[in-house]
Amino acid sequence: MNLALWLVTGLLAAVLLVSTTKMFVPRERIASVGHAAEWVLDFSPGALRAIGALELLAAVGLILPAVTDVAPVLVPVTATCVAFLFAGAATMRLRRGERATIVPDLVYLALAVFVAWGRFGPESFTG
């Protein structure tokens with residue numbers, strides 16, 4: 001179980017790191033990638049930078065506290081916040097009528113809930 005939690009945590013951290021590109025790439029360029037990326041046009045550049053910064057902090061918060069053994073309780077707290085982040089992403093996709101592109105967000109939401117459950121419960125770092 002511990003290995004599965006680490007693998008899922010690493011996957012979520014990698015996904016979050018990759019998605020921080022919205023902090024540096026102009027939103028028009030992101031939107032030109034395809035229909036699934038047009039959502040960025042609904043947000044200001046400042047809002048996209050803020051979302052990217054939160055994703056960067058989440059990636060760090062999923063890994064660093066456990067690796068350094070400094071406040072490891074932050075891992076499940078961060079995973080809970082990541083779950084809320086992806087719930088918001090799924091909600092945004094529903095509002096835009098993008099039902100076909102909602103699946104990855106729901107998968108990441110489920111993975112974040114799994115990490116939060118596992119690290120708060122059976123494989124807690126504090127217990």
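Because only heavy atoms are used, hydrogens play no part in the values below, and waters and symmetry mates are left out as well, while side chains stay in.
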Y108 side chain reached by V15 side chain, heavy atoms, under 4.5 Å: yes
Minimal non-hydrogen separation, P65 against A71, with atom names: CB-O, 3.4 Å
Where A13 and I63 come nearest, the two heavy atoms and their spacing: CB-CG1, 3.8 Å
V73 with V70, same ILVMFWY side-chain cluster at under 4.5 Å: no
Same apolar cluster (I L V M F W Y, side chains within < 4.5 Å links), V67/L17: no
Nearest-0.5 Å distance, CG of residue L111 to CG of residue L7: 11.0 Å
Connected via hydrophobic side-chain network under 4.5 Å: V115 and W117: yes
Short side-chain to backbone donor-acceptor contact, T101 and E98, under 3.5 Å: yes
Test item: M23 and L48 side chains (from C-beta on) under 4.5 Å apart, heavy atoms: no
Euclidean distance, I102 CD1 relative to R96 CZ, rounded to 0.5 Å: 12.5 Å
Interatomic spacing from CG in L106 to CZ in R93 - rounded to 0.5 Å: 10.0 Å
Co-membership, hydrophobic cluster, residues I51 and M92, 4.5 Å side-chain: yes
Atom pair CG (L94) and CZ (R99), whose distance is rounded to the nearest 0.5 Å: 5.5 Å
Name every donor-acceptor pair, under 3.5 Å, that has one atom in a side chain of residues 24-34 and the other anywhere in the protein, sequence neighbours excluded.
{"residue": "R27", "atom": "NH1", "partner": "L41", "partner atom": "O", "Å": "3.2"}
{"residue": "R27", "atom": "NH1", "partner": "F43", "partner atom": "O", "Å": "2.5"}
{"residue": "S32", "atom": "OG", "partner": "R29", "partner atom": "O", "Å": "2.7"}

Side-chain donor/acceptor pairs under 3.5 Å, residues 74-90, sequence neighbours excluded:
{"residue": "T78", "atom": "OG1", "partner": "L74", "partner atom": "O", "Å": "2.7"}
{"residue": "T80", "atom": "OG1", "partner": "P76", "partner atom": "O", "Å": "2.9"}

Cluster link W39 to V18, ILVMFWY, side chain under 4.5 Å: no
Stepwise side-chain hydrogen bond (donor to acceptor under 3.5 Å, both in side chains) test for E55 and T20: CA-CA 6 Å; E55 291 168 341; T20 62; over 6 Å; no
Polar side-chain atom of T9 near backbone of L5 as donor-acceptor pair, under 3.5 Å: yes
Side chains of K22 and V40 in contact at under 4.5 Å (non-hydrogen atoms): no
Gap separating the CG atom of L109 from the CG atom of D105, nearest 0.5 angstrom: 8.5 Å
